[in-house]
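Have a look at the structure below, then the notes.
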Amino acid sequence: MADRITDIGPPKYDEMWPQYIKDNYGKWKYHEILEPGVLKHVTEDGFELFTVRCGGTRLMTTLHLEDICKIADQYCDGCFRFTTRNNIEFMVTDTEKLEALKKALDDNGNLPKGGTGACVTNIVHTQGWVHCHTPAIDASGPVKAVMDDLFEYWNSHKLPAQVRISLACCLNMCGAVHCSDIAILGVHRKPPVIEHSHLDKICEIPTAIASCPTAAIKPAKVDDYKSVQVNAERCMFCGNCYTMCPSMPLADAEGDGIALWVGGKVSNSRTMPMFSKLAVPYIPNEPPRWDTTVKTIRTILEAYANGANRYERMGEWINRIGWERFFEVTELEFTEHHIDDYRLAVTTWRNSTQFKF
Amino acid sequence: MADRITDIGPPKYDEMWPQYIKDNYGKWKYHEILEPGVLKHVTEDGFELFTVRCGGTRLMTTLHLEDICKIADQYCDGCFRFTTRNNIEFMVTDTEKLEALKKALDDNGNLPKGGTGACVTNIVHTQGWVHCHTPAIDASGPVKAVMDDLFEYWNSHKLPAQVRISLACCLNMCGAVHCSDIAILGVHRKPPVIEHSHLDKICEIPTAIASCPTAAIKPAKVDDYKSVQVNAERCMFCGNCYTMCPSMPLADAEGDGIALWVGGKVSNSRTMPMFSKLAVPYIPNEPPRWDTTVKTIRTILEAYANGANRYERMGEWINRIGWERFFEVTELEFTEHHIDDYRLAVTTWRNSTQFKF
Amino acid sequence: MAKMHPTPMLDELEKGPWPSFVTDIKRLAEAGKDACADLLGQLELSYKDKEGHWKHGGIVGVLGYGGGVIGRYSDVPDLFPGVEHFHTLRVNQPASKFYKTERLREVMDIWERRGSGMLNMHGSTGDMVLLGAFTEELEPIFAELTAKGWDLGGSGSALRTPACCVGKARCEWACIDTQDICYDLTMEFQDEMHRPAWPYKFKFKVDGCPNGCVASIARSDCSIIGTWKDDIRIDQEAVAAYAAGEICANGGAHGPDTKLDIQADVCDLCPTRCMSYDGKKLYIDNKECTRCMHCINLMPQALRPGTETGASILVGAKAPILEGAQMSSLIIPFIPMEAPYEEFKDFVEKMWDWWDENGKNRERIGELIQRKGLQEFLKAVELEPDPRMVKEPRYNPYIFYQEDEVPGGFERDIKEYRKRHAR
Amino acid sequence: MAKMHPTPMLDELEKGPWPSFVTDIKRLAEAGKDACADLLGQLELSYKDKEGHWKHGGIVGVLGYGGGVIGRYSDVPDLFPGVEHFHTLRVNQPASKFYKTERLREVMDIWERRGSGMLNMHGSTGDMVLLGAFTEELEPIFAELTAKGWDLGGSGSALRTPACCVGKARCEWACIDTQDICYDLTMEFQDEMHRPAWPYKFKFKVDGCPNGCVASIARSDCSIIGTWKDDIRIDQEAVAAYAAGEICANGGAHGPDTKLDIQADVCDLCPTRCMSYDGKKLYIDNKECTRCMHCINLMPQALRPGTETGASILVGAKAPILEGAQMSSLIIPFIPMEAPYEEFKDFVEKMWDWWDENGKNRERIGELIQRKGLQEFLKAVELEPDPRMVKEPRYNPYIFYQEDEVPGGFERDIKEYRKRHAR
Ligand code: SRM
Ligand code: SRM
Ligand code: SRM
Ligand code: SRM
Ligand code: SF4
Ligand code: SF4
Ligand code: SF4
Ligand code: SF4
Ligand code: SF4
Ligand code: SF4
Ligand code: SF4
Ligand code: SF4
């Protein structure tokens, strides 16, 4: 125990750098995207660095990672990086190596180039049925299906601006999808089913009660068990009770599915960051390829591609044309569920006569 | 009792119309402001109606009203009207009568022409110390003082756009000042003083308790009286308890005063209607002429006059330049009180790196 | 002449160019009205104390009416006996406040004889507010008023006196008959106005167009605002005249010498950017227009609202007590408004029923909608959700589903669940 | 080769151009990893059931650490024994995720031997997430990792693994040393990361500029975002080259043939309209610039951030549980960010103290600020109110005054009051 190593933290960043990053740290002057997936960064001294970005599955095996390492060893001085959206970036310092690298990537077949500029880049996502205990949907499956469908937008620059799609498999939103151009969110739609026979043994009843944001949970005696009951009228299926108490699972084949949200952004470019807003409240889970979800996302994306001005993010486009037009051009249904009724709802109502017919 | 006349409603509007309004009802084609206070309306048939708008005190006597009636009798076929902001409008059908009317008004001396176009029009206001039981300030006095000072803006068209000033003497806001370019609001700053010896006789304790939006009021026994007590920490001086319970007055010479709010609007022109936002949390009551209030309003108005583009309302101007600039150009202090901490406060925080130094 | 009190502070308010209420009231005091002299006296005391001097409320009224009178007593009656009682009567104004002098003098005459002679033209809601009567005068005043064809307006938890802008009587932009709507509603709902029976007050205001000259969107539980469905009418000749500087901008609101720059002032400030000007003609992509009125305001001789007119109905404006001030929210994007306004009144009745049933004491309809959700309200008034009702859809994921929306319903069997999932 | 389960549905996910995680995992299963075969089998069952098959949580970990490991057990272990235990280890990534292959292979080697061989590169917070270990392997894995210089990241009510954008390592716009800040904070607060002691989780993320490539404003309780104070650097020659179409727009983000229209694309889209272009030169009224990055993004060869750099600090972003999602709010408009970042760390300590003292169980700092008011927070961290902290000042009139702000205080004597005002 004495010589146990703890609290050493991660390797220092510069241990991971190749020499040319060390040498040019902080000296970058500008960049250019040479073609989809290929970036050039130039320093004040004219040094040039070429980056090839490849699609990452995020969920991968050491075998795939070893493939990546091999390419990095061969072309990139044994170095590469991951982006904040789980893409893989290989860097080389001259155009000859660049061409060789590109060829090697093409040959690999599992490392598609793209994800730069006005494209659909990789989908930030979460665990889904692969690892988590609270998901309403799978994560990796829908991501694969959507990226397959939108592949033409991954390795091209034909959109008006960047489109960032994110997925989170439950309302905990580990994908932090709430500020995405398009967000895919797993939602439950049934109140927890309660295991009265075990609840008191497994959970602390006061904690379970306190966990509910709408105070839907009350203590109750059921079949002589000390337990709780849920006022279904008040339940909004957030799952926080289940997080605190395993005897209250929400997952249900018919209840669960996907909600789609649109128009969020994170950058401060032009407009301030924005939340994504509800576009489609519910699409059933359709494994293995989530066809309706895939189709609906394409519909939204194409409406945006056709309607937006260049440099206009999804949310900026919608704000310009108005939500009434968004629902018109996408032919999505506007339902009562689109109307906010949570704590700040009043700020979303339209206090104006300004609207489009 | 049997022949008691009730529920007859007001005289029908057209009983009050002169012939030319009847004849041209709904036929108006356009208008022109000929000079400050003088409007011309023209019908599709080319009929012309001239309106002279005069400042109204709102609080007036039958003597003043009789003066007005006399002028109307003499020049306007015995008809005139009041505007929605308590100004007085005399109408004539030819320019000769118009000149005579204008002269008569000038001679009267108490009916200043103005209030049209890009001006400061009359201040919508409330009762104040003249009639109400809950005011923190007087109404007619501050209005008179402010209008005296801004008179040059009343009868001219030199502002970038309309400036609507309103006054309400307490948080009940009978002047509905919450959407005004400049709002003058009477505010209390001390919790109610409680008359324990009478409270239970005069008020219903549960009603008093329920009246408080922050749940600051609790039942209490004081000196053997059944009464209530107020948690001063939670009191925001709204006065709702006093409305429900006369034994809890708030008025206090040192506590009461004026808060100024800016940038609201009601029209849907260009921008959607907006709430007024806090500019100055507190200015002491300074009867008889509320000098600091008057001076501060002028400062705000002049900053607007200097800074705004033509056609830009106060709130539109501030949104363009940013609140940080508003406080800079007006030299008003930004304090903790400017930061919202009520129920929707989170929607007012700045979720962006966009700001001006 | 009444007994005048020294009013050194108020006298300061006799100075300056704006008409002085002090001078005016003094005049009537000097003509013999004790109430006027004592009001000034008491007001002077308030100026000294920096506190008002009226007692809290006081229940007074006229027989059979639950409102229309606000009771008021001086808290220093010994000093100012003329205002010991100082009740106000709210007299329902004629819609849009045109007056024949002969008719107005009916009220003035009664008020001079039986009241203080002081009044507000008008109160914030719209009434003529007769300021200051003794209790014993209330019934006689009421009798004389009604005899002459005048009635009281609303107060308390009742329908309040509806009000409207000048509308078609003198405005070219009125898309609806503001005065007729105002009058019709007032007459139809006399009972609701005079006999408070609701959770709280309720106000109608009627604006002829989105300019909002009676501020209905800020000040009424139900805002009726004129608008149109078809295209803005354009007179291209007048457009050319504006371009040539022959007609000044904004109907002269900035002086006669203010020329209009059609591109910069009109097209570039159009919030939807749906206008274009090619140097000769002005084009509007009316489908994208939100009828904000800006361009029409700036070019009244060239542009006019369309002719397929009606109203947008917005609900819920109120002052801050308790949840914070609200503006009205769009509920019916477009509704035709032809007398007798049946479709609109149907909506109103449904709205009131729901409020009546669900509203807590002193809960305005806007607050009730906030508490229950816009959805609930829409169900009650039988309207379908429409994106026009919101500025934006929800951004929180907290969607409430009803049991019947979800296949299999809400009831589940934990035993079945455990068959698939071990504990 | 491990025992493969039939996975007809998952097999469908082997089709299509995007790399397939199914194919990849199958490959490792075929190479002998039972965990991989069983994971696919269990996932196939989930696809069939449309429900996940993991049990709720499970407290496992490594000695002396309160986090870094997420326990996970199959709820159908008989069917899929290879994933009966399927715990994850969060391995703290190197800041901005550059890897030397030799170093990465250290982790891969351990994981291939002792774990499932499956991992996430990377988790949403930023860690390398090693997916699927049996309980008995956790300690050995930890020992081997630390021996090689790797450590675990955060989980539970602790500091979470900080993350940052690529920054100065490869981006011309980085105004701060994102990686150094990220690493420095990680090292400074190892204890806070490994031993949960707070009301809830806390996240740092570091963006080099307002473009926000690590999305800190949406995903971190404390967002550190680079910015600058002085003027945007302009190279007018490059401006001319853009105008001439010699350099394509937006660094080629729309293809090499996309020409830039400086007026329309840059000046007209500048949110503060503080730019002007006279056909030759580009002017920026820097005082009015809000450093949104748009113009710089569009003309990377002509415009660069200023040189007086530092960070804006925003606080409070989080996912929706419970009050709804929040973005971070501006708290410190500008702070210099030079190692060892003392001023910033002082702020952090004050913030944590306040949160620790006042936060309820599972209350994020953003929610605490919402509950207590931004004012309270500012007092705790000893910052003066600044209009930059809000989008707009309050519009409700509900101002809380402290007793010492009001002359005479809050205590009053009703008897004195009644001397002036009769009941
Ligand atoms: C590599 C990466 C940083 C990293 O540390 O890994 C990165 C790198 C660059 N970003 Fe980014 N951004 C990266 C994630 C982001 C994110 C975060 C996210 O999406 O989760 C954002 C915020 C997105 C949002 O607003 O929702 C982001 C918003 C931007 C923007 C602002 C775009 C806008 O107009 O809103 C720019 C500027 C631009 O592209 O013109 C930008 C520009 C850039 C530049 C040009 C910076 C530079 O000069 O090197 C880099 C290449 C851009 C490209 O690929 O077209 N980067 N960038 C991230 C790549 C993610 C990926 O694999 O796809
Ligand atoms: C007489 C009156 C209606 C009535 O029924 O009494 C009226 C009459 C006119 N209004 Fe108004 N407005 C009247 C109160 C209002 C109000 C209500 C208020 O201030 O409480 C508003 C909303 C104010 C706000 O947004 O806060 C109002 C917002 C407008 C606007 C929109 C201005 C804007 O750009 O925001 C116009 C259009 C314009 O002026 O260009 C307008 C235009 C007009 C026109 C030009 C309409 C017409 O063609 O006749 C009238 C003369 C305007 C002028 O005086 O310059 N009127 N107008 C009201 C006069 C009040 C007064 O005595 O000062
Ligand atoms: C007379 C008048 C002010 C004036 O000088 O014009 C007035 C006077 C009073 N109002 Fe008002 N309100 C008057 C128009 C308004 C308006 C404006 C409007 O109607 O357009 C509002 C804001 C809009 C609204 O309805 O919210 C208004 C919002 C209030 C409120 C706050 C209501 C709320 O929901 O927030 C109260 C408090 C209450 O109801 O207890 C209130 C209460 C009062 C009381 C009855 C005082 C009280 O605490 O009970 C005042 C009696 C004063 C007196 O002694 O004469 N008065 N009140 C207005 C009515 C005259 C008329 O009939 O024409
Ligand atoms: C692994 C990871 C998802 C992923 O696939 O990448 C993850 C997985 C879990 N998150 Fe998360 N969160 C992960 C990043 C996030 C993020 C994104 C971020 O950090 O940038 C968020 C949103 C930002 C935020 O912090 O709010 C996030 C917001 C949550 C929440 C909601 C917190 C809230 O305040 O709203 C919960 C619920 C909770 O804490 O009980 C949660 C809870 C969980 C739990 C522990 C499930 C639970 O109910 O206890 C998940 C365990 C899954 C598993 O079995 O592996 N996770 N979680 C991410 C961590 C990997 C890493 O260390 O790199
Ligand atoms: S979003 Fe929900 S289901 Fe998905 S990983 Fe996070 S906590 Fe688990
Ligand atoms: S799912 Fe959420 S709302 Fe429903 S009972 Fe559980 S905690 Fe409450
Ligand atoms: S605003 Fe307040 S004080 Fe003024 S009249 Fe209305 S209720 Fe009375
Ligand atoms: S003034 Fe308002 S907040 Fe204060 S005790 Fe009375 S009702 Fe409550
Ligand atoms: S609201 Fe419209 S119709 Fe009514 S007076 Fe004003 S401009 Fe005219
Ligand atoms: S009314 Fe408003 S939105 Fe419509 S064209 Fe005119 S300026 Fe544009
Ligand atoms: S946030 Fe700014 S500094 Fe960091 S990578 Fe993105 S553009 Fe570069
Ligand atoms: S950074 Fe943004 S605000 Fe500043 S000049 Fe450029 S575009 Fe305008």
Side-chain angles (χ1 to χ4, degrees), chain B residues 171 173 178 185 187 189-191 193-198 213 232-238 246 249 252 254-255 259 261 263-264 275-279 281-282 320-327 334-357, chain D residues 210 212 217 225 227 229 271-273 287-292 312 314 316-317 323-324 326-330 333-334 366 369-370 372-376 378-379 385-401 403 405-414 417-418 421 423:
Chain B
L171 263 56
M173 284 200 189
H178 54 286
L185 180 67
V187 292
R189 294 188 307 158
K190 298 196 178 186
V193 49
I194 307 173
E195 189 161 34
H196 299 295
S197 57
H198 287 72
E233 289 271 296
R234 292 193 135 203
C235 181
M236 57 190 190
F237 325 106
C238 71
D252 182 272
E254 291 171 317
W261 308 74
F275 287 117
S276 312
K277 317 287 173 351
L278 184 62
Y282 182 75
R320 177 169 59 80
I321 65 167
W323 283 97
E324 56 270 49
R325 278 287 174 280
F326 171 81
F327 284 96
F334 184 87
T335 69
E336 57 167 34
H337 298 312
H338 288 88
I339 302 176
D340 194 358
D341 53 2
Y342 204 53
R343 297 185 181 158
L344 309 172
V346 63
T347 63
T348 69
W349 302 347
R350 192 178 307 228
N351 306 121
S352 174
T353 59
Q354 290 189 18
F355 65 85
K356 296 179 184 178
F357 279 107
Chain D
I217 209 167
I225 305 182
T227 191
K229 256 194 141 153
T272 62
R273 295 287 198 283
K287 203 174 164 295
E288 298 307 308
C289 166
T290 51
R291 301 166 316 288
C292 81
S312 295
L314 296 89
E323 287 292 323
Q326 271 180 233
M327 288 187 242
S328 285
S329 299
L330 188 64
F334 187 85
I369 300 176
Q370 221 181 313
K372 288 263 174 187
L374 191 47
Q375 288 91 333
E376 288 300 308
L378 294 179
K379 270 179 215 154
D386 185 313
R388 290 159 190 85
M389 294 167 180
V390 294
K391 279 200 283 272
E392 54 192 35
R394 72 163 69 235
Y395 62 83
N396 66 70
Y398 295 149
I399 304 177
F400 290 84
Y401 281 93
E403 178 151 22
E405 290 179 89
V406 186
F410 284 173
E411 287 306 315
R412 290 187 286 156
D413 186 349
I414 186 72
Y417 184 87
R418 281 291 172 235
H421 308 278
R423 195 171 306 117

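Throughout, protein chains are lettered first and strands after them, A, B, ... in sequence-line order, and every chain is numbered starting at 1.
- Heavy-atom distances place both the backbone and the side chain of B/Phe357 under 4.5 Å from chain D.
- Residue D/Leu330 touches chain B through both its backbone and its side chain, counting heavy-atom pairs closer than 4.5 Å.
- Contacts of B/Tyr282 with chain D are made by both backbone and side-chain atoms, with heavy-atom separations under 4.5 Å.
- Ranked by non-hydrogen atom pairs under 4.5 Å with chain D, the options B/Met173, B/Arg234, B/His196, B/Glu195 are led by B/Glu195.
- The minimum heavy-atom distance between D/Ile217 and B/Asn351, with the atom names listed, is CD1-O, 3.6 Å.
- A salt bridge does not link B/Asp252 with B/Arg189: every distance from a Lys NZ or Arg NE/NH1/NH2 to an Asp or Glu carboxylate oxygen is 4.0 Å or more.
- Looking at B/Ser276, only its backbone comes within 4.5 Å of chain D, counting heavy atoms on both sides.
- The contact between B/Thr335 and chain D is made entirely by backbone atoms, counting heavy-atom distances below 4.5 Å.
- Heavy atoms closer than 4.5 Å to chain D are found in the backbone of B/Thr347, but not in its side chain.
- Options D/Gly366, D/Ser328, D/Gly373, D/Pro210 differ in how many heavy-atom pairs under 4.5 Å they form with chain B, and the most are formed by D/Ser328.
- Not one N or O on the side chain of D/Arg394 forms a donor-acceptor pair closer than 3.5 Å with the backbone of B/Ala345.
- With hydrogens and angles disregarded, a donor-acceptor distance shorter than 3.5 Å links the side chain of D/Glu403 to the backbone of D/Phe410.
- Scanning all heavy atoms of the two residues, the minimum distance from D/Phe400 to B/Cys235 falls at CD2-O, 3.6 Å.
- Residue contact with chain B, scored on non-hydrogen atoms closer than 4.5 Å, involves the backbone and the side chain of D/Ile399 alike.
- For D/Gln375 (side chain) and B/Ile339 (main-chain N/O), a donor-acceptor pair under 3.5 Å exists by modelled atom type.
- Per-residue counts of heavy-atom pairs under 4.5 Å with chain B were compared for D/Lys287, D/Arg412, D/Lys391; the largest is that of D/Arg412.
- Annotation: maximal heavy-atom pairing with chain D below 4.5 Å, among B/Pro246, B/Pro213, B/Pro249, B/Ser197, occurs at B/Pro249.
- Every salt bridge (Lys or Arg N to Asp or Glu O under 4.0 Å) that B/Arg325 has, sequence neighbours left out, goes to B/Glu328, D/Glu288.
- Counting heavy-atom pairs closer than 4.5 Å to chain B, the top residue among D/Thr272, D/Asp386, D/Ile225 is D/Asp386.
- Ring orientation note: the planes of B/Phe237 and D/Tyr401 are tilted relative to one another, at an angle of 30° to 60°.
- Interface remark: B/Val193 contributes backbone and side-chain atoms alike to the contact with chain D (heavy atom separation under 4.5 Å).
- Comparing B/Ala259, B/Gly255, B/Pro281, B/Cys238 by how many heavy-atom pairs each has under 4.5 Å with chain D, the most go to B/Pro281.
- When heavy atoms are compared at a cutoff of 4.5 Å, B/Leu344 approaches chain D solely by way of its side chain, counted from C-beta outward.
- D/Ser312 places a side-chain N or O within donor-acceptor distance of the main-chain N or O of D/Pro333, the cut-off being under 3.5 Å.
- Judged purely by atom type and a 3.5 angstrom limit, B/Lys356 uses its side chain to pair as donor or acceptor with the backbone of B/Ile321.
- For B/Leu185, the part sitting under 4.5 Å from any heavy atom of chain D is the side chain, from C-beta outward, and nothing else.
- Rounded to the nearest 0.5 angstrom, B/Leu278 CG and B/Phe334 CZ are separated by 8.5 Å.
- Among B/His338, B/His178, B/His198, the residue with the largest count of heavy-atom pairs under 4.5 Å with chain D is B/His198.
- Among residues two or more places apart in sequence or in another chain, the salt bridge (Lys or Arg N to Asp or Glu O under 4.0 Å) test is passed with B/Glu324 by B/Arg350.
- Annotation: maximal heavy-atom pairing with chain B below 4.5 Å, among D/Glu405, D/Glu323, D/Arg273, occurs at D/Glu405.
- Highest contact tally toward chain B, considering only D/Gln326, D/Lys372, D/Glu392, is held by D/Glu392 [criterion: heavy-atom pairs under 4.5 Å].
- Contacts of B/Trp261 with chain D are made by side-chain atoms alone, with heavy-atom separations under 4.5 Å and no backbone atom involved.
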